[in-house]
Amino acid sequence: MDKLIPVVVIKELSETEKVMKALQNHGINCAEITFRTACAADAIALACEKFPDMNVGAGTVINAEQCKAALAAGAKFIVSPGLSVDVAKVCKENDVPYYPGCVTPTEIMQALDLGITIVKFFPANVYGGLKALKALSAPFPQIKFIPTGGVDRSNLDEFLAFEKVYAVGGSFMVKEALDKYN
Ligand code: 3PG
């Protein structure tokens with residue numbers, strides 16, 4: 001997985017190629033296309049077809065049905081804002097990485113029970129940021145985090161510098177890419 005995971009919202013399917021191209025030009029080889037819009041699955045399929053070398057996954061996946069649609073479209077990883085046992089099951093069956101949102105010790109323990117050791121930490125700015133990640137890493141040294149939500153250029157480097165940070169997610173990368181390459 002790349003160190004930077006752009007959180008992408010595609011409102012119209014026709015925007016997909018423009019956004020993916022801008023990310024690629026920006027040096028980002030990954031995209032988490034979110035199930036917040038009706039065309040999410042189609043956008044994932046299109047992105048996979050046109051950008052086969054990019055790591056295209058699905059975000060905001062909140063149930064098994066969306067997860068199955070994302071995998072059918074070609075998603076290579078699945079991200080949720082919280083933890084869904086049903087989604088975890090579908091991902092396991094399909095051997096696809098699942099990054100559930102976990103911000104409490106209980107949620108992290110649920111993830112561990114499901115065999116998951118990389119979790120999204122969302123919204124990172126609200127749930128204590130780097131300070132919280134450091135505190136949670138004491139009892140859970142086997143866990144790696146993907147802080148997302150309120151991450152931007154001002155705090156990106158300090159998150160990336162922490163060894164327990166697997167990657168950082170955010171929409172700011174999409175905005176940057178589009179501002180620069182559109
Ligand atoms: C997400 O779903 O991960 C967030 O909407 C991303 O948060 P951001 O817009 O603050 O980066």
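If you read the sequence from its start, that first residue is 1, and numbering goes on from there. Note that the structure is predicted; figures quoted are calculated from it, not measured. When a ligand or atom number is given, it counts from 1 through the structure's own listing order.
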Nearest protein heavy atom to [atom], by residue and atom, and its distance?
atom                    : answer
atom 10 (O) of ligand 1 : Gly150 N, 2.8 Å
atom 4 (C) of ligand 1  : Phe122 CE1, 3.6 Å
atom 6 (C) of ligand 1  : Thr148 CG2, 3.9 Å
atom 3 (O) of ligand 1  : Lys120 NZ, 2.7 Å
atom 11 (O) of ligand 1 : Ser171 N, 2.8 Å

* Asked: If you measure from each heavy atom of Gly149 to ligand 1, is any distance below 4.0 Å?
  -> yes
* Would you say Met173 touches ligand 1, if touching means a heavy atom closer than 4.0 Å? ->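 Not so, Met173 does not reach ligand 1.
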* Would you indicate whether the side-chain heavy atoms of Leu156 and Val168 approach each other to under 4.5 Å? => yes
* **Tyr99 vs Val119 side-chain heavy atoms within contact, under 4.5 Å** => no
* Which bit of Arg36 gets closer than 4.0 Å to ligand 1, counting heavy atoms only: side chain, backbone, both or neither? -> side chain
* Just by distance, with hydrogens left out, do Ser80 and Tyr98 show a side-chain donor and acceptor under 3.5 Å apart? -> yes
* **Between Ser154 and Asp152: side-chain donor-acceptor atoms closer than 3.5 Å** => yes
* Asked: Salt bridge or not for Lys144 and Glu163, using N-O below 4.0 Å?
  ->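 No, Lys144 and Glu163 are not salt-bridged.
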* Atom indices of ligand 1 within 4.0 angstrom of Gly170 heavy atoms, with elements -> 11 (O)
* Structure fact -> Looking only at heavy atoms, the pair that brings Lys3 and Tyr166 closest together is NZ-O, 3.4 Å
* Asked: Between atom CD1 of Ile44 and atom CG of Leu46, what is the distance when rounded to the nearest 0.5 Å?
  -> 11.0 Å
